[in-house]
Amino acid sequence: MSDADSFETALDGTWSDESDWAALEGAFDTDDAEAGAPTPVLAVVGRPNVGKSTLVNRILGRREAVVQDVPGVTRDRVTYDAQWSGRRFTVMDTGGWEPGLEGLPAAIAAQAEYAMTHADAVLVVVDATVGATSTDEAVARVLRRSKTPVILVANKVDDQRLMPDVAALWSLGLGEPFPVSALHGRNSGDLLDAILAALPETPRETYGATPGGPRRVALVGKPNVGKSSLLNRLTGENRSVVDSVAGTTVDPVDSLVDLDDEVWRFVDTAGLRKRVNFASGMEYYASLRTKAAIESAEVAIVLIDAGEPIAEQDLRVLTMVVESGRALVLAFNKWDLVDEDRRLQLDKELDRGLVRVPWAERVNVSALTGRSVRKLAPALRRSLESWDTRISTGHLNSWISDLVAATPPPVRGGKQPKILFATQAGTRPPTFVLFTSGFLEAGYRRFIERKLREQFGFSGSPVRISVRVREKKDRKR
Ligand code: GDP
Ligand code: GDP
């Protein structure tokens with residue numbers, strides 16, 4: 001098969017599964033209406049024919065997931081409600097991938113990537129009678145980085161004689177293989193116990209945020225930039241800081257602020273309100289505090305003193321925000337001090353100083369006069385919207401294949417790298433994974449990010465792009 005052919009088939013094989021991706025994405029949008037609270041999600045991944053559907057049926061305790069002897073039959077339903085020992089959880093069956101294609105390892109690695117970013121635990125199934133194939137190894141490579149708990153299941157262990165083959169699966173580096181026979185039910189109760197032990201009580205998608213609660217904002221910047229003045233202005237204009245919002249408890253160090261008919265939670269503002277002035281030498285603690293505020297927020301307003309040259313300290317705060325992956329609004333304060341000369345000068349400084357964050361939302365404000373502070377809320381909303389954006393896998397892949405056709409990646413070592421498949425592995429911030437046949441140069445990755453922003457916006461939000469190169473070994477299969 002030529003490279004061009006394999007490129008085509010890889011795309012065909014993965015694109016035809018759009019319905020599955022849509023269903024996977026849908027699994028996170030719909031709260032379980034019947035029981036109220038959303039349940040933790042267990043994703044089941046693995047290559048075709050290892051017995052995923054049979055195992056899902058076992059877990060569900062009923063014959064709901066259709067199993068057919070034709071390998072890789074696309075199933076129309078992919079999430080199921082399950083229950084064991086009185087605990088409810090959701091099973092996400094990521095089946096329905098066509099076998100035998102060149103692009104299979106890439107597609108299944110993408111599936112694993114998706115699972116580990118979205119599910120609360122990942123069950124990876126391998127066929128003990130076959131042993132670890134290079135596709136299994138590709139999946140294991142992805143999952144070894146997982147912070148989400150991973151349970152390795154050795155399936156088709158219908159009898160004890162297969163135990164040495166089970167032990168051989170330690171080589172995948174995913175810990176102890178759990179032997180089961182999905183077909184006969186052997187060990188499935190123990191597996192369910194292990195699944196419950198791995199799943200958290202509450203699903204990750206709602207972790208840390210009170211669903212529907214105020215969005216969390218960090219107001220940060222170097223000393224004397226006007227943080228406490230701005231906070232006072234924002235709260236003062238509305239006469240009072242909101243004390244409580246139905247269903248939320250406010251950490252005493254936070255302030256609930258009503259801006260533009262919406263309540264926002266400004267995190268870690270106790271120090272600002274008390275106007276704590278850090279003496280020299282305290283800078284280290286100030287910086288720790290800034291970092292903590294950013295980490296507990298969803299979006300940061302970084303205040304910059306427009307009346308002064310952009311300083312090293314401003315850039316350090318910006319770097320913290322970029323590294324945290326939070327949405328960003330740049331507020332140039334003390335705009336009342338900016339005259340025409342200073343404005344021209346500032347433009348030059350910004351070109352140099354803000355190269356890393358050309359995408360940030362910007363507003364020019366004055367905490368002193370109240371100028372344009374009303375523009376903060378719309379800027380916060382826009383950047384959070386970008387931060388939450390999800391692009392469907394089908395849309396992303398058709399866009400990227402047009403882009404690559406128009407401007408292919410530069411040839412390296414006589415080879416033209418191909419982008420086999422792209423998926424958005426997560427939001428907050430939007431995180432994309434490109435599965436490729438070769439190394440993509442940094443310049444080309446930046447080009448993709450720029451084009452992605454031109455097409456989809458993402459104003460005010462960082463965007464992360466990672467590249468997974470398909471290894472040679474997988475190609476030979
Ligand atoms: P999927 O493609 O990973 O969802 O795999 P299926 O659940 O469709 O199973 C593929 C084939 O393996 C079917 O013929 C199953 O009957 C068979 N199978 C599944 N689990 C077991 C098992 O524990 N033992 C044996 N011997 N066969 C199994
Ligand atoms: P913080 O250390 O970042 O909390 O900064 P403060 O709010 O304490 O402000 C530091 C100084 O800048 C104070 O003297 C404020 O009056 C002054 N200041 C704050 N905002 C503005 C502004 O928009 N314009 C002008 N001219 N001065 C400001």
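Every number for a ligand or one of its atoms is a count from 1 in the order of the listing. Values below: every heavy atom of this structure, side chains too, minus hydrogens, waters and symmetry copies.
The closest heavy-atom contact to atom 1 (P) of ligand 2, among the options Arg233, Lys227, Arg371, comes from Lys227. Ranked by closest heavy atom to atom 22 (C) of ligand 2, the top entry among Leu368, Thr369, Val220 is Leu368. Atom 26 (N) of ligand 1 has its nearest heavy-atom neighbour, among Asp158, Asp159, Leu183, Asn187, in Asp158. Of the listed residues (Ser229, Gly221, Pro223), the one carrying the non-hydrogen atom nearest atom 16 (O) of ligand 2 is Ser229.
By the 4.0 Å heavy-atom criterion, Gly46 is excluded from the residues contacting ligand 1.
Listed by number with element, the atoms of ligand 2 under 4.0 angstrom from any heavy atom of Gly226 are 1 (P), 3 (O), 5 (O), 6 (P), 7 (O), 9 (O), 19 (C). Of all atoms in ligand 2, listed by their number and element, those nearer than 4.0 Å to a heavy atom of Asn224 are 1 (P), 2 (O), 3 (O), 5 (O), 10 (C), 12 (O).
Considering only residues two or more places apart in sequence or on other chains, Glu295 meets the side chain to side chain contact (heavy atoms under 4.5 Å, CB included) condition with Ser324, Arg326.
The residue Leu230 has no part lying near ligand 2, judged by heavy-atom distances below 4.0 Å. Counting heavy atoms closer than 4.0 Å to ligand 2, residue Val225 contributes atoms from both its backbone and its side chain.
Annotation: Ala182 places an N or O atom under 3.5 Å from an N or O atom of ligand 1; distance criterion only.
Taking CG from Leu315 and NZ from Lys222, the interatomic distance works out to 9.5 Å, rounded to the nearest 0.5 Å.
Salt bridge absent: Glu262 and Arg215 never bring a charged side-chain N and a carboxylate O closer than 4.0 Å.
Within the structure, the salt bridge (Lys or Arg N to Asp or Glu O under 4.0 Å) test picks out the following pairs touching residues 352-372 (sequence neighbours left out): Glu361-Arg382.
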